[in-house]
Amino acid sequence: MNSPRQITYSMFTAWLSCRQKFDYRYNRCIVPRENAVALSFGSAVHSGLETWFKSHDIDKAVEAANRIDLSDADQVKATELVRGYWEKYPHEDFTVVSIEQEFSTPLINPKTGAPSKTWELAGKVDGIIERKGELWILEHKTASNANDDYLNRIEIDMQIAFYAIAMQQVLERPIVGALYDVLEKPAIRLKTNEDIDAFRLRVRDDIDADNYVRRYVRFADGFLTLRQTLIWAMCREIRHGAICPNTSACLQYSTCPYLPLCRACGDLQSVPEFYTTRQPYEELSHVIRN
Ligand code: SF4
């Protein structure tokens, strides 16, 4: 009998965005060539914070955030944002249970309590913290504007529910909510011919307490039960639902990198210059691949 296939939160978002995209990435393992090692500003800051929580060495943390894949201006912003985090939160009122913890755990049928034979939940959580005897998910976010709408949305965040349901099973203890650490990216720009050191000083001057928003969100009664029902239903849908394109998503945010493949009716041989293949789950080090 085959082992259950792992499902990550990234797979959910891909499915919800466009089932055709999901099929290319997670069933056929196709990735756009230019995005093979895509890094983002958010992942650079994320690396810096991970190193900070693991080492409590701010120099190492800043170095970890200093990714050469970023533009000079974004390198400065990422490293100064991490340094500012250390200045904003020199001491914490929680203890860190784990950082960047990978998990794989059964998907449980909410009606019967039986594990799924098809799927298991997998992923990597930013952190687990303990505060006043309770466990919380630690979630780091970078945002260009951490306004009220952004912060209100986090109370219904599906990703955190996914992590909390999984980690409750792994740790065999309740998770009561999530601590959201939002780091707002400085908006100032590198001027034409501006010296990068001068820009760094301007960024350092620009970053203040308002760039860091921290919110504890306690789960409402029944919230995780509802989400578990939804996750179960989505997993069934992914297994049995039709693969169909969502053309409303083709130009959402930016042009979908799979557009040439869709135009070639999914025939990879017709557009080999655009794509390569790579196993999914690259965020996880130990996975079962079916
Ligand atoms: S190009 Fe459009 S239809 Fe094709 S995978 Fe991308 S979003 Fe889906």
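Just so it is clear, the model here is predicted, and its values are computed rather than measured. First listed ligand is number 1; within each ligand, the first listed atom is number 1.
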Exercise. Hey, which of Y180, Y212, F53 is the one that makes ring pair (Phe, Tyr, Trp, His ring centres under 6.0 Å) with H140?
Worked result: F53
Exercise. Hey, is there an N, O or S on C18 sitting under 2.8 Å from atom 8 (Fe) of ligand 1?
Worked result: yes
For this session: Please determine if atom 4 (Fe) of ligand 1 has an N/O/S atom from C250 lying under 2.8 Å away.
Result: no
Problem set entry | Protein residue, atom and distance nearest to atom 4 (Fe) of ligand 1, heavy-atom basis | C262 SG, 2.3 Å
Exercise. Any idea which protein heavy atom is nearest atom 3 (S) of ligand 1, and the distance to it?
Worked result: P245 CB, 3.5 Å
Exercise. Does the ring of Y275 carry R33 above it, NZ/CZ under 6.0 angstrom from centre and within 45° of its axis?
Worked result: no
Exercise. Between V182 and Y150, what is the shortest heavy-atom contact and its length?
Worked result: CG1-CE2, 3.8 Å
For this session: Check ligand 1 against K21 and write out every atom of the ligand that is under 4.0 Å from a heavy-atom position of the residue.
Result: 5 (S)
Exercise. Between Y258 and V31, what is the shortest heavy-atom contact and its length?
Worked result: OH-CA, 3.9 Å
Problem set entry | Contacting atoms of ligand 1, where contact means under 4.0 angstrom from a heavy atom of L259 | 1 (S)
For this session: Would you verify whether the NZ or CZ of R131 falls within 45 degrees of the ring axis of Y216 while also being under 6.0 Å from that six-membered ring's centre?
Result: yes
Problem set entry | Audit row: I129, V97, side-chain contact (heavy atoms from CB on, under 4.5 Å) steps and yes/no | CA-CA 5 Å; I129 59 168; V97 175; 5.7 Å; no
For this session: Identify the protein heavy atom lying closest to atom 6 (Fe) of ligand 1, giving its residue, its atom name and the separation to 0.1 Å.
Result: C256 SG, 2.4 Å
